[in-house]
Amino acid sequence: MTFTVSHHIGGRIVTGGRGTSPIHNPSTGERIGDVELADAELVSQAVATAKEAFQSWSQSSLGRRTAILFAFRELMAANAEQLGAIVTREHGKVLSDAIGEVGRGLDVIDYVCGIPQLLKGEFTMQASSGLDVYSFREPLGVCAGVTPFNFPVMCPMWMAPVAIACGNTFVLKPSEADPSASLFIADLWQRAGLPDGVFNVVQGDRHAVAALETHPDVKSLSFVGSTRVGRELHAIGTAHGKRVQALCGAKNHGLVLADADLEFAATNAAASAFGAAGERCMALPVIAVVEQVAEEFIARVVDKAKAIKVADGMTADADMGAIISRSARDRIEATVTEAEAAGARVLLDGRGFHPDGHEDGFWTGPTILTDVTTDMRAYREEIFGPVLVIMRIKDLDEGIELIRDCPFGNGAAIFTGSGQAARRFTREIPVGMIGVNVPIPVPVAYHSFGGWQDSFVGESHIYGPEGVKFFTEAKAVTQRWTEPAAATFHFAGASQASN
Ligand code: NAD
């Protein structure tokens, strides 16, 4: 029995659009359902509904918003396993990882449960005689989010709860590859008491995104996905007067120095390269290891990678599941084949692998390449699959140089026992999120998340303080409540303080 995933607008399921796109279970390759694709008219309906809901939601008290956020948080936590299973079915990642992504989403909801504190403005008493100044932040209006396939729960949670807590209404356009989680989340918002129309979902592809990018009533666009699409969305969105934050692709490097704990570094290198089948923007697909310890480190990583259990995501002890689509699997394996033909050595070959009984699923196993040169596509481009490239470097300087030459700048990690080396590393690389003996340095929700260079377009990073800033606009009020003095033709302010 297949199912159809539709839109959620104004608190109810809405059907229609410009056709459907198939949803697969990557583990079996089976088509399990279809997702409807919104057209411009349907997007307009969602935006109009969100605009209408903004009238009252933007006026709701902080106490009411907080109560709803707490209730939503509790419902997300109580349903984490069910939500995780939905993600595993359509994405392929293992259940524990899918539940983990719900947990990272919960962190952001926790953070915005403190929205009264986050929106507290500033007040200056007696800036001039009898004159006070205060400033605060107001919501924008209808905010839209466009999210990728790899975190169908976490990425929407990076944006929607923050926008809503700030008094905005939201239209989410999830990935068409794994759309079901979005409707489950919409239902939880409703059960938490969020008024209809504050959180809406339009399913769809680039046509739905184009309608959001150009719609005059959409005030902001939050995007997470590939660099090509993020750049285009930023260009079109800003040309249409929106504020845009676009979190884009990545090619993160890990550096292993001779004084690192090699066992710890090898375990974490394998986990971060192959976890979620490498389909994480904060994975470490490149490890640069100093020559001195390279042989030993590589041997350990290969051992760890061989021990990874690749199986259907619902299998209790699975470490790694399937790839999102057949085309992604083919692209990943073609990149490995191309690198091999260009002289790379394949130390562990996952090409052609599938678990028994899953011949039609979208599978490839952990793969490790060495002797890769920086002009190969396997090094230059984001593979977004379970392929680890191990480079040999002379020293820290060469490692830093390698990262500085990489056009992406999402995350990077160093494994070392030296505080001095770590300090140089953190200061000298043009990367947004850095780990010191931490392989996947995703910042906690009360800091903000975002990359540099080709990994980000816009000004404000996502969630945390930058997220609150992104979803609000500043207002400053200069007020006088004393007896009116003689009219002044000067600017009112401290610098004009005369009386
Ligand atoms: P994608 O760019 O193909 O799609 C992202 C979203 O954009 C989807 O909702 C999709 O429907 C839409 N889209 C696709 N093509 C479009 C087009 N031409 N015009 C307008 N919209 C379009 O990305 P993906 O394959 O879903 O996800 C993987 C990518 O996301 C990787 O590059 C990964 O690094 C990146 N990512 C980045 C972060 C981050 O925080 N920097 C986090 C997760 C994923």
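Read the numbers this way: they start at 1 and go in the same order the structure lists the ligands and their atoms. Note that the numbering runs from 1 along the sequence shown for the chain. On a predicted model such as this, the values are computed, not experimentally measured, just so you know.
- Residue V209 touches ligand 1 through its side chain alone, judged by heavy-atom distances below 4.0 Å.
- Residue-ligand proximity, V224 to ligand 1, at heavy-atom distances under 4.0 Å covers atoms 5 (C), 37 (C), 38 (C), 39 (C), 40 (O), 42 (C), 43 (C), 44 (C).
- With a 4.0 Å heavy-atom cut-off, ligand 1 is reached by the side chain of N410 but not by its N, CA, C or O.
- A salt bridge links D205 with R18: the distance from a Lys NZ or Arg NE/NH1/NH2 to an Asp or Glu carboxylate oxygen falls below 4.0 Å.
- Ligand 1 does not have G451 within reach: every non-hydrogen atom of the residue lies 4.0 Å or more from it.
- Not one N or O of F384 is nearer than 3.5 Å to an N or O of ligand 1, by distance alone.
- Between R206 and ligand 1, no pair of N/O atoms sits closer than 3.5 Å.
- With hydrogens and angles disregarded, a donor-acceptor distance shorter than 3.5 Å links the side chain of N252 to the backbone of C281.
- Between L388 and L369 the shortest side-chain heavy-atom distance does not fall below 4.5 Å.
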| query | Going through the checks in order, is the side chain to side chain donor-acceptor pair (under 3.5 Å) test met by D312 and S27? | reply | CA-CA 6 Å; D312 181 292; S27 176; 2.7 Å; yes

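- For atom 37 (C) of ligand 1, the nearest protein heavy atom (residue, atom name, distance) is C248 O, 3.2 Å.
- For a threshold of 3.5 Å applied to N or O pairs, the pair formed by S226 and ligand 1 contains at least one separation below that value.
- Atoms of ligand 1 found under 4.0 Å from any heavy atom of V146, numbered from 1 in the order shown, are 6 (C), 7 (O), 9 (O).
- Per-residue contacts place W158 under 4.0 angstrom from the following atoms of ligand 1 (heavy atoms of the residue considered): 40 (O).
- Set against the non-hydrogen atoms of S175, the atoms of ligand 1 under 4.0 Å away are 9 (O).
- Taking a 4.0 Å cut-off on heavy atoms, F223 registers as neighbouring ligand 1.
- Residues F223 and M159 are not in side-chain contact: their nearest non-hydrogen atoms beyond the backbone lie 4.5 Å or more apart.
- Nearest protein heavy-atom neighbour of atom 35 (C) of ligand 1: G225 O, 3.1 Å.
- Protein heavy atom in closest approach to atom 27 (O) of ligand 1: P148 CB, 3.3 Å.
- Shortest contact from atom 40 (O) of ligand 1 to any protein heavy atom: F449 CE2, 3.0 Å.
- No part of F408 comes within 4.0 Å of ligand 1, judged by heavy-atom distances.
- Results of the side-chain contact (heavy atoms from CB on, under 4.5 Å) test with V102 over M76, M154, E81 single out M76 as the only residue that passes.
- In this structure, H7 and L37 approach most closely via the heavy-atom pair CE1-C, 4.2 Å.
- Protein heavy atom closest to atom 34 (O) of ligand 1, with residue, atom name and distance, is E382 OE2, 2.5 Å.
- There is a protein heavy atom less than 4.0 angstrom from atom 24 (P) of ligand 1.
- At distances below 3.5 Å, not a single donor-acceptor pair connects side-chain atoms of T147 with backbone N or O atoms of C155.
- Counting only heavy atoms of the protein, atom 8 (C) of ligand 1 lies nearest to T147 O, 3.2 Å.
- Distances between N or O atoms of S455 and those of ligand 1 include no value under 3.5 Å.
- Protein heavy atom closest to atom 44 (C) of ligand 1, with residue, atom name and distance, is N150 OD1, 3.2 Å.
- In this structure, the separation between CD on E459 and CD on Q245 is 11.0 Å, given to the nearest 0.5 Å.
- Taking the six-membered ring wherever Trp is involved, the centroid distance between the rings of Y111 and H447 does not fall below 6.0 Å.
- In this structure, K51 pairs ionically with D217, as a charged nitrogen and a carboxylate oxygen lie closer than 4.0 Å.
- Annotation: Y446, atom OH; neighbour count of heavy atoms from other residues, nucleotides and ligands within 6.0 Å does not exceed 12.
- The protein non-hydrogen atom at the shortest distance from atom 13 (N) of ligand 1 is V229 CG1, 4.0 Å.
- Looking at E176 against ligand 1, only its side chain comes within 4.0 Å, counting heavy atoms.
- Ring-plane geometry between F149 and F384 is classed as perpendicular, the angle between the planes exceeding 60 degrees on a 0 to 90 degree scale with a lower cut at 30.
- Contact check on R280 versus D97 returns a salt bridge, with a Lys/Arg side-chain nitrogen under 4.0 Å from an Asp/Glu carboxylate oxygen.
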